[in-house]
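It should be emphasised that the depicted structure is a prediction, and the values quoted were computed from it without experimental measurement.
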Amino acid sequence: MAHIDAGKTTATERILFYTGVNNRIGEVDDGAATMDWMEQEKERGITITSAATTCFWRDHRVNIIDTPGHIDFTIEVGRSLRVLDGAVALFSGVEGVEPQSETVWRQADRYGVPRIGFINKMDRPGADFDKCTAMMRDILKANPLTLQIPVKNVDEFIGVIDIIDEKMNRYDKDHLGLDCADEEIPEEYKARVHELRNAMFEALSEIDDALMTKYLDGADIGKEEIQNIIRKGTLEGTVLPVLCGSAFKNKGIQPLLDAIIDYLPSPDDVSPYQCWTGEGEELSLKGTADEPMSALVFKIMTDPFVGHLSYIRVYSGEIRTGDSVTNTSRDKTERVGRIIRLHANKREDVKKVEAGDICAIVGLKGAITGDTLASGGHDIVFETIEIPSPVLSCAITPKKKDDLKKMWLVFNKYTVEDPSLTVKLDSETGEVILSGMGELHLEIIMDRAKREHNLDMLTSPPQVAYRETITRHASAVGKYIKQSGGRGQYGHVVINIAPHDGTEFIFENKIIGGAIPREYINSIEAGIREALEKGIYLGYPMINVTVELIDGSYHDVDSSELAFKMAGSIAVKEAVSRANPVVLEPIMKVDIHCPQEAMGAVIGDATSRRGRVLEVGERNGFKHILAHIPLDEMFGYTTQLRSMTQGRGYSSMEFFHYHPVPSNILENLKRKDKFATEVQYG
């Protein structure tokens with residue numbers, strides 16, 4: 001896991017080569033990397049979808065997922081971290097801790113994933129190992145434990161010094177990193193190694209009292225004992241073992257593999273696994289092959305040759321081809337058609353998998369990302385996967401009217417594969433609205449639809465995902481009464497509405513004494529929820545709202561679920577109109593890096609975009625600017641930034657919060673809403 005262009009895929013290619021999975025090294029820049037198999041990845045030289053593979057090192061099976069670094073594909077990192085037991089955090093030796101490095105670090109914190117650090121690109125001019133470890137400490141609040149330092153001969157990166165072994169590993173640049181000779185530490189590095197070794201023992205003494213005693217007594221401490229305590233600290237998250245190398249120059253990858261085996265957890269180390277029953281009772285699983293089968297679906301893909309692929313992590317028990325499994329998240333039983341071991345886009349059929357394995361299953365038609373699978377009769381549900389909310393939308397229409405149904409089916413398939421993508425039909429305008437995490441995200445999806453399904457489409461400029469909310473309390477009555485000879489319709493509700501801090505809609509039933517029968521309560525909530533989702537003020541979904549149902553009445557004959565649903569909708573529309581509704585716009589947290597000479601122009605541009613500059617600092621010789629800027633002002637920003645900085649500036653952004661739009665923007669939105677209404681009805 002890392003910021004974009006830190007070298008994740010390049011490092012993975014070397015791992016596959018050194019573990020014997022591949023007999024050659026594929027390069028990202030040549031479009032030949034094993035893990036970047038999509039056409040869009042080969043053309044752009046970036047990872048778009050996480051790719052899984054399996055290799056063996058020192059008689060251990062290692063499951064690897066190579067994740068994207070671009071913020072638009074952050075769900076790929078999140079769902080990978082959800083099912084993996086450890087992570088390698090890569091950092092560029094030149095840039096150090098970058099904005100997306102912080103994002104993936106927080107994701108790993110959320111799932112409690114142990115990590116080791118690898119500072120890559122030590123062959124590059126300007127690479128600074130000490131600066132990178134300082135940034136880990138200052139920005140990520142990590143506790144880096146230096147286990148290697150780079151060795152340079154003038155400007156050439158020639159090897160690393162192992163702090164534990166007190167040996168230098170020199171790499172022969174002409175043998176693909178396969179020849180590595182152990183040498184004595186150069187004289188000029190001995191004082192630095194001695195200092196770092198003492199620092200290592202001091203850090204480990206805080207983890208293990210027995211080692212502290214030995215260290216203070218001056219006793220010999222063996223390599224195995226040191227590694228065991230480093231492993232303990234890594235699993236507890238108290239230390240971050242840090243190694244270094246250059247994946248592109250084939251240096252430092254074998255010690256990284258050793259560190260994965262030595263310090264990152266096996267499934268045994270992180271068990272018991274927490275799960276629940278369908279009723280919410282907490283359970284735990286040891287993660288052994290003898291327990292009932294349990295697994296989590298973390299990704300869905302559609303393969304043109306195989307069909308519907310469900311990527312799973314098996315937490316306990318075993319699955320065999322032909323087994324029946326229960327999707328406990330949906331209370332549905334399905335049959336396992338095939339089990340496939342993954343190697344990027346290559347497949348290997350296997351007869352069974354067991355606890356700790358990652359594989360794909362063919363035959364699960366109803367499973368989606370985050371579902372739990374269990375053997376028959378066992379009620380096991382795992383914590384699901386957090387799905388980020390889309391922040392950017394565009395309207396799409398097929399060039400050929402006959403392709404509308406096909407387009408709808410294609411994009412619905414993509415939303416199953418990628419839950420951070422949504423597609424919906426706007427019932428008022430008839431437009432199909434595609435929403436995602438950014439411009440690149442939507443661009444890739446549109447490109448896939450054209451190549452994979454020959455779909456030519458027209459798109460509107462991306463539209464901002466505005467929201468509505470209220471700013472004060474209000475009450476309202478909703479009545480739906482119809483008499484048309486025969487049975488009529490009668491629904492009557494009284495509600496209070498109030499703002500709250502969370503984005504979720506909260507409905508509270510405060511009815512006392514049976515003023516409204518219980519069977520109508522759900523219909524009232526449904527009517528209120530639908531009205532809020534469609535938007536009441538200007539047609540944008542409404543958030544941060546609590547609705548209390550406090551009173552009402554019913555008719556023995558004329559009341560129905562439909563009548564109370566309509567009454568709930570009428571009441572909430574009236575209440576919102578009295579509660580001072582406002583429109584909210586997404587505000588983005590924007591990290592900008594630019595040369596010193598361009599700082600004035602960049603800050604001025606951010607301010608002109610209604611931005612608020614929060615912090616100006618320095619990183620890697622570049623000025624680092626942190627700003628909050630409305631998403632509506634960020635379209636085309638990357639091009640503008642490159643123009644202002646002669647191509648040297650770069651930025652990343654992520655959603656921060658929603659904030660009320662200024663009055664002039666609100667007037668524009670009202671005019672658009674009025675124009676759309678006139679076109680539709682006029």
Side-chain angles (χ1 to χ4, degrees), residues 38-41 48-49 72-73 75-76 297 299-311 327 329-330 332 334 337 345 360-371 387-466 526 529-531 533-535 539-541 672 675-677 679-681:
M38 290 174 62
E39 289 301 319
Q40 291 83 356
E41 293 176 319
I48 293 168
T49 181
D72 283 15
F73 311 108
I75 186 175
E76 296 287 345
V297 179
K299 184 172 179 175
I300 301 293
M301 278 194 68
T302 303
D303 188 284
F305 304 106
V306 179
H308 196 76
L309 278 175
S310 303
Y311 285 52
N327 183 336
S329 303
R330 312 200 171 276
K332 183 177 180 181
E334 300 194 70
N345 64 331
I361 288 180
V362 181
L364 305 183
K365 296 179 182 177
I368 64 170
T369 299
D371 282 358
I387 308 296
S389 300
V391 295
L392 203 64
S393 301
C394 65
I396 54 174
T397 52
K399 287 185 178 179
K400 301 176 185 174
K401 287 187 177 179
D402 294 343
D403 282 345
L404 181 60
K405 184 178 179 181
K406 178 183 176 182
M407 182 187 79
W408 187 253
L409 292 171
V410 166
F411 281 100
N412 270 288
K413 183 191 76 172
Y414 288 152
T415 61
V416 173
E417 295 181 8
D418 181 355
S420 67
L421 185 78
T422 63
V423 61
K424 65 180 180 180
L425 183 66
D426 189 317
S427 58
E428 293 184 4
T429 65
E431 289 181 320
V432 177
I433 307 298
L434 184 68
S435 305
M437 301 303 297
E439 290 178 273
L440 179 62
H441 190 199
L442 297 181
E443 180 189 328
I444 294 293
I445 292 296
M446 300 290 288
D447 189 43
R448 284 186 62 191
K450 185 171 184 178
R451 295 192 193 202
E452 295 170 9
H453 300 280
N454 198 27
L455 265 176
D456 278 327
M457 288 157 293
L458 298 170
T459 64
S460 69
Q463 300 297 307
V464 174
Y466 291 102
R529 187 181 294 275
E530 283 184 18
E533 286 176 353
K534 289 179 180 177
Y540 302 111
K672 286 181 184 177
F675 175 75
T677 304
V679 169
Q680 186 174 0
Y681 299 109

Quiz item: If every non-hydrogen atom of D403 is compared with every non-hydrogen atom of P398, which pair is closest and at what distance?
Solution: CB-CB, 3.8 Å
Practice problem: Enter the distance from I433:CD1 to C394:SG here, rounded to the nearest 0.5 Å. | Solution: 8.0 Å
Quiz prompt | Contact summary for S329 and G370, nearest pair of heavy atoms | solution = OG-O, 4.2 Å
Quiz item: Under a 4.5 Å cut-off applied to non-hydrogen side-chain atoms, are I75 and M437 in contact?
Solution: no
Quiz prompt | Minimum side-chain heavy-atom gap V416-T369 below 4.5 Å | solution = no
Self-check item: Euclidean distance, I445 CD1 relative to D418 CG, rounded to 0.5 Å
Solution: 6.0 Å
Practice problem: Kindly indicate whether the side chain of F411, heavy atoms from C-beta on, has any atom under 4.5 Å from the side chain of K424. | Solution: no
Quiz item: Are V362 and L309 side-chain neighbours, meaning at least one heavy-atom pair lies under 4.5 Å?
Solution: yes
Exercise. Provide the closest heavy-atom pair for S420 versus I387 in the form atom of the first, atom of the second, distance.
Key: N-CG2, 4.0 Å
Practice problem: Mind checking the OG1-CG spacing from T415 to L421? Nearest 0.5 Å is all I need. | Solution: 6.5 Å
Quiz item: OG1 of T302 to CD of E417: how many Å apart, nearest 0.5 Å?
Solution: 4.0 Å
Quiz item: Looking only at heavy atoms, which two atoms of L442 and G436 are closest? And how far apart?
Solution: CD2-N, 3.6 Å
Exercise. Answer yes or no: is there a side-chain heavy-atom contact under 4.5 Å between I300 and H308?
Key: yes
Quiz prompt | Residue pair V432 / M407: nearest heavy atoms and the distance that separates them | solution = CG2-CE, 3.7 Å
Exercise. To the nearest 0.5 angstrom, please state how far the CG atom of D456 sits from the CE atom of M446.
Key: 9.5 Å
Quiz prompt | Option from R448, E452, M457, H453 for which side chain to side chain contact (heavy atoms under 4.5 Å, CB included) with V410 holds | solution = H453
Quiz item: Are L440 and F73 close enough that some pair of their side-chain heavy atoms sits under 4.5 Å apart?
Solution: yes
Self-check item: Residues which pass side chain to side chain contact (heavy atoms under 4.5 Å, CB included) with L409, listed by chain and number, not counting sequence neighbours
Solution: K405
Quiz prompt | Residue pair D371 / G366: nearest heavy atoms and the distance that separates them | solution = OD2-O, 4.1 Å
Quiz prompt | N412 (side chain) donor-acceptor with W408 (main chain) under 3.5 angstrom | solution = yes
Self-check item: Atom pair OG/NE2 of S435 and H441 - distance to nearest 0.5 Å
Solution: 10.5 Å
